[in-house]
2 protein chains.
Amino acid sequence: MRAIGPEAAPDLRLPRYLQIRDDLMRRICARAWSDGQPLPAEDRLAGEFEVSVGTVRKALQVLVAEGMLERIHGKGTFVTRAFERISMMRFVRFSEEERRELPTTRCLNLEVGDGPPEARTRLGLAAREKLLSIHRTRACGKEVILSEHVWLSHKRFAPLEAYLKKESPPLLYPVYDSLCGVLVSRAMDELTMVPLPARDARVFGLAAGTPAIRIERLMTDPSEQPIEWRVSYVTQARFHYAIESR
Amino acid sequence: MRAIGPEAAPDLRLPRYLQIRDDLMRRICARAWSDGQPLPAEDRLAGEFEVSVGTVRKALQVLVAEGMLERIHGKGTFVTRAFERISMMRFVRFSEEERRELPTTRCLNLEVGDGPPEARTRLGLAAREKLLSIHRTRACGKEVILSEHVWLSHKRFAPLEAYLKKESPPLLYPVYDSLCGVLVSRAMDELTMVPLPARDARVFGLAAGTPAIRIERLMTDPSEQPIEWRVSYVTQARFHYAIESR
DNA sequence: GAGTGGTCTAGACCACGGT
DNA sequence: CCGTGGTCTAGACCACTCA
């Protein structure tokens, strides 16, 4: 997906329908049509862009394929809200219990600072930029099943700091959208097996060095900008990861 | 993806372009165009189906989106061969070394019988149907990194039995295609951590019960029929699984 | 140059959702 | 009923590949 800046001019070398797609994308990201309000109808857009309806349709089809828009026959074309796009658990892939019932979440630590170098690299942060570091646990009943570290650009996620001091939402992605206007779009997961670090071992009540699964995740937004770096640990007994691919 | 039988008649209630898509799909599965031979050009197909070129284009676009066809500007429209679709290691995601160099594969056991009930269930096999069971190892150099059990319908994969008695190909999916005419299209993986069963422990030279990652995989063909059930074990030290999702 | 797919037009008619 | 998107047509011109 192309990155579209706020004042991007259309790339005239592109086919017209892709220029229109880029323009619409920019306006979608700028929240031009929100809260269930439909986009202008095809013929209006065709008039605005001074192309035929077919060309507008092609631009809209691309955005539908990219998951940005939904079209409802007889009603209109709508922006797919991030909350729906996540469809609750789109990127949540752990045990069955977790799927039936969201685990309770507790925030153990929340700080602003330099953070680990690896997180800075992954997020592509500038030298002076601060990082928001979050350490959370997820538990089913009384049993802690996941120890999770999240790193975010403090600049981009400034409102989150105050929010997380009061609330412990089970899922962060909808909050990224509603609070910080950040849509998540792609996840890259990497699983390895490692000895449990001491601070994570403590939350499970286990000895440091106990074998555990480490799940790294880099999330990007629709412009392919990295937005979140996450490292989770799960103990072997509770480990369950399911994925479908084509 | 809709299941298309060999003598399926088009569903007249469907839009014309989907009827055409179904018809082309049936012919693709019947190997109407193979070995890099292109499909007839758009205008030929339009003539054959007695529709306009635009309608044929729409059918072709659907098949491209489904990964069945590839279109090359100026050359033609081609069936995406399973071998390319798998892109060598599409579902094989272990260490970096393996990515650079295919692991050597050894077949330890090959038999035809009832197989385990779970494999029968997953493959949706009829009561009397026989199962082809394969136990293989994959090694980098002398170190065995994977113990792999594969179950297939013996009826559908009959030619494979004789072939595997002589050959140990590093990847089975291209053989499924070339030998048995079976295209793989979708994989569902499920990862858990379990004690190593005795027969798998032996191939690693480890004690039974050593913790290991178990990877279950159900593969389906383009008609969503299950074709392969696979259970692999990897030792914790060599475990590395990477996945991207949207 | 011949043949292919890629883009685009300016219409047509239909099916669906709400009034 | 009107306005929406869904399907389809019969062309046009362009860009790419290969002989």
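All values derive from a computational prediction rather than experimental measurement. Within every chain, numbering begins at 1; the chains are lettered A, B, ... in the order of the sequence lines, protein sequences first and strands thereafter.
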For every nucleotide of nucleotides 14-19 of chain C, 5' to 3': is a protein heavy atom under 4.0 Å from its base (B), only from its sugar-phosphate (S), or from neither (-)? -BBSS-

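- Remark: B:E129 engages no residue in a salt bridge (charged side-chain N to carboxylate O under 4.0 Å, His left out) (not counting sequence neighbours).
- Listed by chain and number, the residues in a side chain to side chain contact (heavy atoms under 4.5 Å, CB included) with A:E118 are A:R122, A:R214, A:E216, A:W229 (sequence neighbours excluded).
- Chain B approaches DNA chain D within less than 4.0 angstrom (heavy atoms of the protein), and the contacting nucleotides run 5' to 3' from D:dT7 to D:dC18.
- Qualifying side chain to side chain contact (heavy atoms under 4.5 Å, CB included) partners for A:E50, counting only residues two or more places apart in sequence or in other chains: none.
- Remark: B:T77 pairs with B:R71 by the side-chain hydrogen bond (donor to acceptor under 3.5 Å, both in side chains) rule, at least two apart or across chains.
- Within 4.0 Å of B:V51, counting heavy atoms only, lie sugar-phosphate atoms of the nucleic acid but no base atom.
- Under the salt bridge (charged side-chain N to carboxylate O under 4.0 Å, His left out) criterion, A:K165 pairs with A:E161, not counting sequence neighbours.
- B:R136 places no side-chain N or O within donor-acceptor distance of the main-chain N or O of B:V150, the cut-off being under 3.5 Å.
- In this structure, B:R57 and A:V53 both approach DNA chain C, and ranking their closest nucleotides by distance from the 5' end singles out B:R57.
- Contacts of residues 38-50 of chain A with DNA chain D (heavy atom under 4.0 Å): A:A41, A:E42, A:R44.
- Partners of B:R156 by salt bridge (charged side-chain N to carboxylate O under 4.0 Å, His left out), not counting sequence neighbours, listed by chain and number: B:D221.
- In this view, B:R27 and B:D23, B:E48 satisfy the side-chain hydrogen bond (donor to acceptor under 3.5 Å, both in side chains) rule, not counting sequence neighbours.
- Applying the side-chain hydrogen bond (donor to acceptor under 3.5 Å, both in side chains) rule to B:Q61 yields no partners; only residues at least two apart in sequence or on another chain are considered.
- Residues passing the ring-ring contact (aromatic ring centres under 6.0 Å, His included) test with A:F157 are A:Y176, sequence neighbours excluded.
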